[in-house]
2 protein chains.
Amino acid sequence: MTNTTMKDVAEKAGVSTATVSRVINRADNVNPELRKKVMRVIEELDYKPNQLARSLKSSETNTIAFISSDMSNPFFIRIAKKVEEAVRKNNYTIVIGSTEDKPEIELEYLKLLYEKRVDGIVISSTGENEDYLKDLSKKIPVICVDRRPQKNNLNSVCVDKEKATYEAVNFLTERKHQKIALVTGAKKIITNYDRYVGYTKGIYDNNVALNSDYIKFGQFSFEFGKNSLLELLALKEKPTAVIAGNSFIAAGILLVAREKNINIPDDLSLISFGNISNSQLITPSLTYIDEKVDEIGEKASNLLLSNLNNKKSEIKHIKIKTKINKGNSAAVLE
Amino acid sequence: MTNTTMKDVAEKAGVSTATVSRVINRADNVNPELRKKVMRVIEELDYKPNQLARSLKSSETNTIAFISSDMSNPFFIRIAKKVEEAVRKNNYTIVIGSTEDKPEIELEYLKLLYEKRVDGIVISSTGENEDYLKDLSKKIPVICVDRRPQKNNLNSVCVDKEKATYEAVNFLTERKHQKIALVTGAKKIITNYDRYVGYTKGIYDNNVALNSDYIKFGQFSFEFGKNSLLELLALKEKPTAVIAGNSFIAAGILLVAREKNINIPDDLSLISFGNISNSQLITPSLTYIDEKVDEIGEKASNLLLSNLNNKKSEIKHIKIKTKINKGNSAAVLE
DNA sequence: CTGTTAGCGCTTTCAT
DNA sequence: ATGAAAGCGCTAACAG
């Protein structure tokens, strides 16, 4: 049960493998007669070219990789889906990897993928393998999505989280809030640093007192959202508004609020990065920062494809503009 | 900027490529001195073996594929995630593809993946390329998940949708329901046939009148759930209960019910295949058929891995047992 | 227009 | 224990 090779086809058709190769690759310089004959034999033998061999010659695998912390996170999967669609049209195949935000796993993946000679990488990185990524980017296109590169100059398509958070703070202060909390993911993730900076700038510019109890770094999870709100509610000076770093956290906050009979938005205002799933069925509707996920995916695909075709493209940094989508979870403070 | 090859290493270390290869592959029969030397050169040159070349020799790519209709569907992505985790530990990489349930796209993917010589395939198939899949399965392991193979004998890990639907009907008739609707995905998808059969058997065995208006085939989508309920509500004899083929459909039904002031479960009972996202935040909590998604993923991974190691494994059909998880969306009819 | 040949980077007999 | 050489399946000069 061994695979049919080009040689088999060549022999049966009474031609050389070069001719078969020409037929396969639609080279024009081959006799119509022969071509037909070869085609027929290919049919008969159900011959399928071995892309491995092709790739070895061309050093192109027509494969790209998408690495994120967790491919089951709707945020990442939506980006990945866009990338998949775009590259599929260009005959690429996409391999995915989840790192659980562990730098070791990320590095392992990167090495493996490089050894497998993927043609390009789209990554939302832990940020701890940036030097390696930079090296990689000398060989193949590397596109950072969502999480911007820190030290190194790498292609990126990211939301300006700093600005978005800053605007969220403004949005809340305009509505008379002074006690504003920020609940977000791990401190070491660059986007959380950006949120932090945007937050503190907003606090400063609005002449609000900075209260470190209101800033919570943890995980982008439902559980962390729940626990954080519990902690915030235990403070003497409870916040009147919370900015949630992602929709999982927002969901946790919504749940605890409901359990504790805290009315949102009357007792507590909430703004989230991104909307939650099944939001149509959940009250209140969230006031959220629209991160334009599909746009991230599209821009990233375009950047990737142009880099794939064009070895010498310049490095680009694309910033996606966010927009606050008004729901009913943030109100004017009485 | 060409890649360092084994030859470079060999030359710099003053040995043959054979020796380098032996060092890389931890062959024992190599002089410790030489080994050290080679290792050092590998470090210095930052040499990375080209897996493409390796694969060409070994005809193993250490890559498996996961094909489903839509990788952004939480149901499939959860299975895929499990598979990813399992195979990663065995040094496999996973490529994914979404077919949108279009047989052409599916076939295109299958051909491409075969040409790329993936080592195995996990697929939730449209069902229309089964002969091709059967052929494929002679070369590499093929595992069908969720959607069982129809004509051909292929490995499978599936939920018994027929039985699950039958039990859902029983569950409802026990609660005095006689007018039970079934709203599910496309007719041509085998799982919907199974649901249909389970439904009709349940209707028959419970001596309930079969009403074809109560059976709706369409898409596994929110929209279809909404539209279906609207249609059902327009009937003279409105159903008192609905079985939703998946959670997207259930969500659509919940929304329309809410908009139309239909109380679930008082005015209408609802049972769904699978729970909806953020269910903790949604009232009523669903009574749903737990499809044991993680178990599907685990069993599929195990089956795949054992087939990967063991070329001559027998074909297996694994049935996952479902369980009705009681929430508050299905009540006794007054 | 077609075939011969070398070679992509690696592994693996087979000698030595 | 090590190296020479063949070959995995394909492509691309280069001849003819």
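Please read all numbers here as calculations on a predicted model, not as lab measurements. We name chains A, B, ... by the order of the sequence lines, and we start the count at 1 in each one.
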(request) Spell out, as yes or no, whether a donor-acceptor pair under 3.5 Å connects the side chain of A:Lys82 to the backbone of A:Ile77. (result) no
(request) Please check if any side-chain donor atom of B:Thr61 sits under 3.5 Å from a side-chain acceptor atom of B:Asp119, or the reverse. (result) yes
(message) Using OP1 and OP2 only, check whether a side-chain N or O of A:Ser16 sits under 4.0 Å from C:dT4.
(response) no
(request) Please round to 10 degrees the angle between the axis of the first five pairs and the axis of the last five pairs in the helix from C:dC1-D:dG16 to C:dT16-D:dA1. (result) 50°
(message) Closer than 4.0 angstrom, basic N to acidic O: yes or no for A:Arg147 and A:Asp101?
(response) yes
(message) For a quick check under 3.5 Å, do B:Glu130 and B:Ser125 share a side-chain donor-acceptor pair by atom type?
(response) no
(message) Any carboxylate oxygen within less than 4.0 angstrom of a Lys/Arg side-chain nitrogen, looking at B:Lys89 and B:Glu85?
(response) no
(request) Compute whether any side-chain donor of one residue and acceptor of the other, for A:Ser69 and A:Glu100, lie under 3.5 angstrom apart. (result) no
(message) Assess whether a salt bridge exists between A:Lys134 and A:Asp131, defined as any Lys/Arg side-chain N lying under 4.0 Å from an Asp/Glu carboxylate O.
(response) no
(request) Go along nucleotides 8-16 of chain D 5' to 3' and tag each nucleotide: B for a protein heavy atom under 4.0 Å from its base, S when only backbone or sugar atoms are that close, - otherwise. (result) BBBBBB---
(message) Please report the distance, rounded to the nearest Å, between NZ in A:Lys37 and C1' in C:dG3.
(response) 15 Å
(request) Determine, for B:Asp294 against B:Lys292, whether the closest basic-nitrogen to carboxylate-oxygen distance falls under 4.0 angstrom. (result) no
